[in-house]
Number of protein chains: 2
Amino acid sequence: MNGRKVQKRRPIGKSSGVKLHAEVARNIGERILGGEFKPGSLLPNEAEWGATFAVSRTAVREAIKALSAKGLIASRPKVGSRVEPRSRWNLLDRDVLSWHRSATDRKAFLASTQEFRRIVEPGIAELAARRRTTAQIDQLVAALEGMKRAKTHEETVSSDVAFHEALLAASNNDLLMPFGVLIEETLGNLFDFTTQRNKHYKLALKLHENIAKAVIAGDPEGARKAMLALIGDTDMVIAVASKGK
Amino acid sequence: MNGRKVQKRRPIGKSSGVKLHAEVARNIGERILGGEFKPGSLLPNEAEWGATFAVSRTAVREAIKALSAKGLIASRPKVGSRVEPRSRWNLLDRDVLSWHRSATDRKAFLASTQEFRRIVEPGIAELAARRRTTAQIDQLVAALEGMKRAKTHEETVSSDVAFHEALLAASNNDLLMPFGVLIEETLGNLFDFTTQRNKHYKLALKLHENIAKAVIAGDPEGARKAMLALIGDTDMVIAVASKGK
DNA sequence: CAAGTGAATTTGTATGATAAATGGGAGGCC
DNA sequence: GGCCTCCCATTTATCATACAAATTCACTTG
C-alpha cells in the first residue's frame with residue numbers, strides 16, 4: 001500500500017523551464033483568483049496538495065510560502081492555510097496580476113486597468129517632467145524612435161511599453177515602480193484588442209510625442225494634460241473595439 | 001568533526017511568535033533594501049545562509065522563496081540568488097515597504113510617500129464619490145466619527161487609517177487595494193512626526209469631513225479637490241515638523 | 001458545570017540524499 | 001592558434017523521513 005516510487009520527473013504537466021513549486025503556486029493562485037477558494041476559506045492541507053500534484057511536501061510548502069508572500073494566504077499550525085481578504089492581495093504583483101487577468105472577464109479587466117492608469121499616469125508624467133535626468137530623456141526619446149520605426153506587432157507593443165516605463169523611471173520615485181507590471185499587462189492586452197488600429201496609430205504616435213516634448217521641456221502641467229489626452233484616446237479605442245465585438 | 005546536534009530551538013534571536021523562515025527573510029530583505037546587497041550582485045548560497053543563522057537549509061529556502069515572490073531576488077541553479085533590479089521590487093508589499101522604511105532616511109521616506117499619496121488619493125476620492133455603496137458610506141461615516149471621538153494617540157491614528165481605507169474600499173477597484181499598506185505606513189509615521197498637532201487637528205477633521213461630504217453627495221470633482229486640500233495641508237504639517245527638528 | 005488537561009492534527013524545522021541546470025574549463029579537431 | 005564539444009564542479013531543485021511546535025477540541029476531573 002506504500003506507494004514508494006523512485007522520483008518521477010515532471011509530474012505536473014507542461015514541459016520544462018518552469019520550476020515545480022512555481023507550477024503549484026500558479027495552479028493554486030489561479031484557483032484563488034478565480035474564486036474557487038474564497039477569502040476566509042480553508043485550503044486543503046499540504047499533504048493533500050502533494051497528493052493532488054504528485055509532488056513532495058517540500059515543493060508544496062515552497063509554493064505556499066510564495067503565495068503567502070504575495071498576500072494571498074496565511075498559514076497557521078493545526079489550522080491550515082486560509083485565503084486572506086482581497087484587500088491584502090498584492091494585485092500589482094506580476095504573477096497575481098496575471099492570474100487575475102486569466103480569471104477576469106477581458107473587458108472588465110481592461111476597464112479597471114485603464115481606470116487605474118487614468119489615475120496614476122498623469123501624475124507620473126507630471127513628476128517625470130519635474131525630475132527627469134538627461135539619461136532618462138535619452139531613454140524616452142529612444143523608446144519614441146522605436147515606436148516610429150516599429151513594423152511588427154511585437155515591436156509596436158514593446159516600444160510602447162518601453163516608452164511608458166521610461167516615463168515611470170523618469171518620475172524617480174521608487175514607490176511608483178510597481179506600476180510597471182500593470183502597464184505591461186495592459187498594453188499587451190490592449191494591442192491584442194485592436195489589431196487593425198492603423199488609423200489610430202498615427203494619432204497615438206502624436207500623443208506620445210506630445211508627452212515626450214512636455215517632459216523634455218520640463219513642463220509638468222503640459223505633461224499631465226498630454227498624458228490625459230493619450231489615456232482618453234486609449235479609452236476610445238477600447239470602446240470601439242468592444243462595440244465591434 | 002561532524003556537528004550533529006539535535007535540533008536547537010530559536011537559533012536566530014528575538015523571542016517567539018515569528019517563524020524562523022520569516023526572520024531569515026526579514027534579515028536578508030532588510031540588508032537588500034539597506035543596500036548591503038545591490039541589484040545584480042550575488043547572494044551567499046543557501047548553505048552559507050544556513051550557517052550564518054544556524055538554521056536548516058529548509059528554512060533558508062523558504063525565506064528565499066518568499067523574497068523571490070516579492071520580486072527582490074531571482075535564483076538559478078549553479079549560479080545562485082541574484083538581487084533583482086529595483087524596478088522589479090514590490091515596494092508596495094507590506095514587508096518590503098517596512099524594510100524600506102527602516103533603511104531609508106525618515107524625511108526622505110515621508111516625502112516620497114506623500115508624493116505618492118498626492119498622485120493617487122485624489123483619484124481614489126473621485127472614484128469613491130462615483131461608486132460608493134451605502135454600506136461603504138456607513139463605514140466612511142463611522143471612521144469619521146471615530147476621528148472625532150479619538151482621545152489617545154493610537155485611536156487617532158487608527159481612525160484616520162480607517163477613514164482612508166474606507167475611501168479606498170469605496171473606490172471599488174481591486175487594483176488600488178495595495179495602496180492600503182502605504183497609507184498605513186505613512187499615517188503611522190506622520191502622526192509620530194507631529195505629536196503636538198492639536199491646533200492642526202481641528203483643521204484636519206474639517207478637511208476629512210469635506211471629503212466625506214463630497215463622496216456621500218456623489219460629487220467626484222469636489223471629492224478630488226477636498227482630498228487635494230487635505231494632502232496639501234499634510235505637506236505643510238510635515239514641513240513644519242521637519243523645520244522644527 | 002467549569003476549568004484544565006491531554007490527544008490529534010497541521011504546519012514548522014531539520015537532515016540527508018539525489019536530480020537537474022548551467023557555467024567554465026579541459027581537451028580534441030580543424 | 002582558434003573554435004567547438006564534452007565533461008565536471010557547483011548550486012539550486014526536489015524528494016523522503018522524522019520530529020518539534022502550535023493550536024484546536026474533546027474529555028476528564030474537581
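So you know, we letter chains A, B, ... as the sequences are listed, proteins then strands, and number each from 1. Values in this document were obtained by computation on a predicted structure and should not be read as measured data.
- Here A/V161 pairs with A/V157, A/E165, A/E184, A/L187 under the side chain to side chain contact (heavy atoms under 4.5 Å, CB included) rule; sequence neighbours left out.
- Note: A/F116 and B/F179 have tilted aromatic rings, judged against thresholds of 30 and 60 degrees for the angle between ring planes.
- In this model, the phosphate group of C/dT13 is not approached by any side-chain N or O of B/S56 to a distance below 4.0 Å at OP1 or OP2.
- A 4.5 Å side-chain heavy-atom check between A/H208 and A/D160 finds at least one atom pair inside the cut-off.
- When the C1' atom of D/dT12 is taken as reference, atom CG of B/L67 falls 15 Å away, rounded to whole Å.
- When the C1' atoms of four end pairs are superposed on the next four at each end of the helix from C/dC1-D/dG30 to C/dC30-D/dG1, using five pairs per end, the two resulting axes differ in direction by 0°, to 10°.
- One finds a salt bridge joining B/R117 and B/E121 here, because a Lys/Arg side-chain nitrogen approaches an Asp/Glu carboxylate oxygen to under 4.0 Å.
- Side-chain contact between A/F37 and A/L72 is absent, with no heavy atoms from C-beta onward closer than 4.5 Å.
- OP1 or OP2 of C/dG12 has not a single side-chain nitrogen or oxygen of B/H21 nearer than 4.0 Å.
- The separation between A/L42 atom CG and D/dT24 atom C1' is 12 Å, rounded to whole Å.
- In this structure a side-chain-to-backbone donor-acceptor pair under 3.5 Å is missing from B/K70 to B/L67.
- The side-chain heavy atoms of B/L182 and B/L97, taken from C-beta on, include a pair separated by under 4.5 Å.
- When side chains are defined from C-beta on, A/E62 does not count as touching A/L20, because their heavy atoms never get closer than 4.5 Å.
- Atom CD of A/E62 is separated from atom C1' of D/dA13 by 7 Å (rounded to the nearest Å).
- One can place CG of B/L20 at 11 Å from P of D/dA22, the figure rounded to the nearest angstrom.
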(request) Indicate for each nucleotide in nucleotides 4-11 of chain C, in 5' to 3' sequence, whether protein heavy atoms under 4.0 Å reach the base (B), only the sugar-phosphate (S), or nothing (-). (result) ----BBBB

